[in-house]
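On a predicted model such as this, the values are computed, not experimentally measured, just so you know. Lettering of chains follows the sequences in order, A, B, ..., and the numbering in each one begins at 1. Computation of the quantities below employed the complete heavy-atom set of this structure, encompassing side-chain atoms and omitting hydrogens, waters and symmetry-equivalent molecules.
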2 protein chains.
Amino acid sequence: MQSQRLPTLEDVARVAGVSRATVSRVVNGIRNVDPQLHQQVWAAVDQTGYVPNRMARSLVTRRTGTVALVVSDSETHDDDPFMGRFFSDPYFGRVVGGLMSVLRPLGVQLALQMVGADGHKRLVGDLRNGQADGAVVLSLPARDPLPGLLADAGIPAVLIGRPAEPVPISYVDLDNEAGAALAADRLATRGCRRPVMISGPPDVPASVDRISGFRRAMARHGHAWIPQETGNFTQDSGEQSMRALLAAHPRLDAVFVANDLMALGALLVLHDAGRRVPEDVAVVGFDDSSAALSARPALTTVRHPLEDMAAEAARMLLSRLDDPDERVTSVIYEPTLVERQTA
Amino acid sequence: MQSQRLPTLEDVARVAGVSRATVSRVVNGIRNVDPQLHQQVWAAVDQTGYVPNRMARSLVTRRTGTVALVVSDSETHDDDPFMGRFFSDPYFGRVVGGLMSVLRPLGVQLALQMVGADGHKRLVGDLRNGQADGAVVLSLPARDPLPGLLADAGIPAVLIGRPAEPVPISYVDLDNEAGAALAADRLATRGCRRPVMISGPPDVPASVDRISGFRRAMARHGHAWIPQETGNFTQDSGEQSMRALLAAHPRLDAVFVANDLMALGALLVLHDAGRRVPEDVAVVGFDDSSAALSARPALTTVRHPLEDMAAEAARMLLSRLDDPDERVTSVIYEPTLVERQTA
DNA sequence: ACACGATGGGAAAACGCTCTCCAAGCGTGT
DNA sequence: ACACGCTTGGAGAGCGTTTTCCCATCGTGT
């Protein structure tokens, strides 16, 4: 029965015995309408089962009631079917959950947008033409041109994670330096003698900050020299890095790993190498993703309140939509250490 | 500069020196247009930077170019901020990835829709009014009224996972019985003597099938009696179930766990209890989620090709949108066993 | 030459809504 | 009693497309 015409404003107006304009006013709760009519109109709405047509409304208001979650990975090509399997990373789900928690109560839609190396221009075009009112951008690669393009196009947007290059767009981020320092302090407090670290890619801001934060804090504890291997945030790279570190520095007794997934890999390698965690080697991860809990032993890690951050990003975007001239701002979250068994 | 009016069909027409109708025809690649004009029009499009206005188009075509991914969890209330943290389950990401792989190349948007216990009616209303052309439904709880409502409303939809009650809607599913049988065969082949199982909730179809599939296959191997604990697919419930099983049947030597997350929990408990896996106890999970790989030892599990299934669901939905009278169909995927270290 | 089917392009009517005018109705202050 | 302001509701003009007619124009077969 879907083909039967859906009731329109016109229909409701006829039933209620008023004009379209009045119905529109009532439905949108605008202006003082005589309580009597108000009543009649709602009755007519119920009776007809009327639901406003989104497109028609958007066409005139120039608002879609949709925001896009843009996952930008300009290092992946558009024809990679699963976009580098990013989706199975718990990261993605946490962001979606956080966004939803503020969007859904407000009746705002969330539209998913992937964009690889090629799609930037098209994305911007689509966004300008009513795909969405604004975008929350998850920028994976280091130097992503997307934020710049969005800013130029004047598309309301909020980034999750500080952009690599300064750009006039608001963002939420974590104080990665402080997080890494937390890890360093923990490790130092346990009395480690030979700390090492497994870092993320050297060109993404979060990664850079974690490195410098860890080094700086360790320096304060008297550790001037921290051997380091570079991974790419996958479990596999964590394993490789740990193996390399173990080979080069057999007597290491503490390792800071720049995210939980890599930490998981490191734990595996450590176990295989017969090192006891945390007795022989202490390990601290980063993110407090679901992976941390399933680790064996349970991973001590730096909590990254991604859900909250995503929720805040949504709020910032919404408020910018209300007032486009709002100042560009940033909100930085403070990480905390969650102590489990590995350190 | 976003406030400046975007170019419309009208503008392009003026530049190209033709009528709106012609531009529309060219842009949509419809009918034979004189190659000469065709050329002019595209030039004008480039020059003006024209992008069709989605809303205006949808308004007349009655097509949105959007499909909704509806996550239905009628057991969660609408005010639960994170909808039971479902999003951090790798399950969700895999589905999104699969859907995207077919939707994105076609330029079809994916809109996320959560719906708890209260929102069914509203969702159906929204869907009918151009939120989306159709829906892919991920139905979490056992007896979800949503599929029925969608069918009644005549909204094109495809389910991921067989519905608990028969409903005239197409779906994709996994042959869960066969998957469980695979696990049973594996365990039996290794020569286990006292197999047990940790199942999912007894009212969701996938769970029921895994239980019966496992029992039936084990029966064929001569194991008439399989102790069982019931979990709810979370790691935590896996731990509890494993503990209970261990207490009640200390000599168990094989366990089939109805999903990887619970298997992870089981592995932890087994380890703490000093049982060696797989020497003392063999373990087989289900799903082949990312968790399986990070398990220690790496989890032998039944592969659930969720990405492929989601992709197929997207294709089915798309084809139904093209031809609404298409027959209701189902596609059942065959699971495979991926052998790693736990069995 | 003439009629006749293609074929290509334009005018204009929707699509369902919002919102700006206006006109009426009413109360109030002088 | 009159003018004036304020509230309330209606008419109607868009918003940017698609698509249905319909009119030229052109080539073709007799």
Next item on the list: Compare the minimum distances between each of dC15(D), dT18(C), dG8(C) and the side chain of Leu9(A), then state the nucleotide with the smallest one.
Entry: dT18(C)
Next item on the list: Using a strict 4.0 Å threshold on nitrogen-to-oxygen distance, state whether Asp152(A) and Lys121(A) make a salt bridge.
Entry: no
Notebook entry, point to check: Is a side-chain donor or acceptor of Asp11(B) paired with a backbone partner of Thr8(B) at a separation under 3.5 angstrom?
Noted result: yes
Check: Which sits closer to the 5' end of DNA chain C, Ala56(A) or Gly17(B), going by the nucleotide each is nearest to?
Finding: Gly17(B)
Check: For residues Ser101(A) and Glu307(A), is any side-chain donor paired with an opposing acceptor at under 3.5 Å?
Finding: no
Note to self: Would you say Thr61(A) places a side-chain N or O within less than 4.0 Å of OP1 or OP2 belonging to dT18(C)?
What the structure shows: no
Check: Donor-acceptor pair under 3.5 Å: do we get one between Arg25(A)'s side chain and the base of dG10(D)?
Finding: yes
Notebook entry, point to check: Do any N or O atoms from the side chain of Asp133(B) and from the backbone of Gly65(B) form a donor-acceptor pair under 3.5 angstrom?
Noted result: yes
Notebook entry, point to check: Hey, is the side chain of Arg62(B) poking within less than 4.0 Å of OP1 or OP2 on dG16(C), counting only N and O atoms?
Noted result: yes
Next item on the list: Would you mind telling me which of dT18(C), dT8(D), dG10(D) lies closest to the side-chain atoms of Arg57(A)?
Entry: dT18(C)
Checklist line | Helical bend (five base pairs per end, nearest 10°) for the helix from dA1(C)-dT30(D) to dT30(C)-dA1(D) | finding: 50°
Margin query: Within residues 44-53 of chain A, which residues have any heavy atom lying less than 4.0 Å from an atom of DNA chain C?
Written below: Tyr50(A), Pro52(A), Asn53(A)
Check: Sub-3.5 Å donor-acceptor pair from the side chain of Ser170(A) to the main-chain atoms of Thr329(A), do we have one?
Finding: yes
Check: If you look at every strand shown and take non-hydrogen atoms under 4.0 Å, does Ser24(B) touch a base, only sugar-phosphate, or nothing?
Finding: base
Next item on the list: Map Met55(B) and Ala21(B) onto DNA chain D by nearest heavy atom, then report which one ends up closer to the 5' terminus.
Entry: Met55(B)
Next item on the list: Determine whether Leu112(A) and Leu99(B) make a side-chain contact, defined as any pair of heavy atoms from C-beta on separated by less than 4.5 Å.
Entry: no
Notebook entry, point to check: Taking the side chain of Val60(A) as heavy atoms from C-beta outward, which of dG14(D), dG16(D), dG9(C) is closest to it?
Noted result: dG14(D)
Margin query: When you measure from the side-chain N and O atoms of Ser19(A) to the phosphate of dA11(D), is any distance below 4.0 Å, counting only OP1 and OP2?
Written below: no
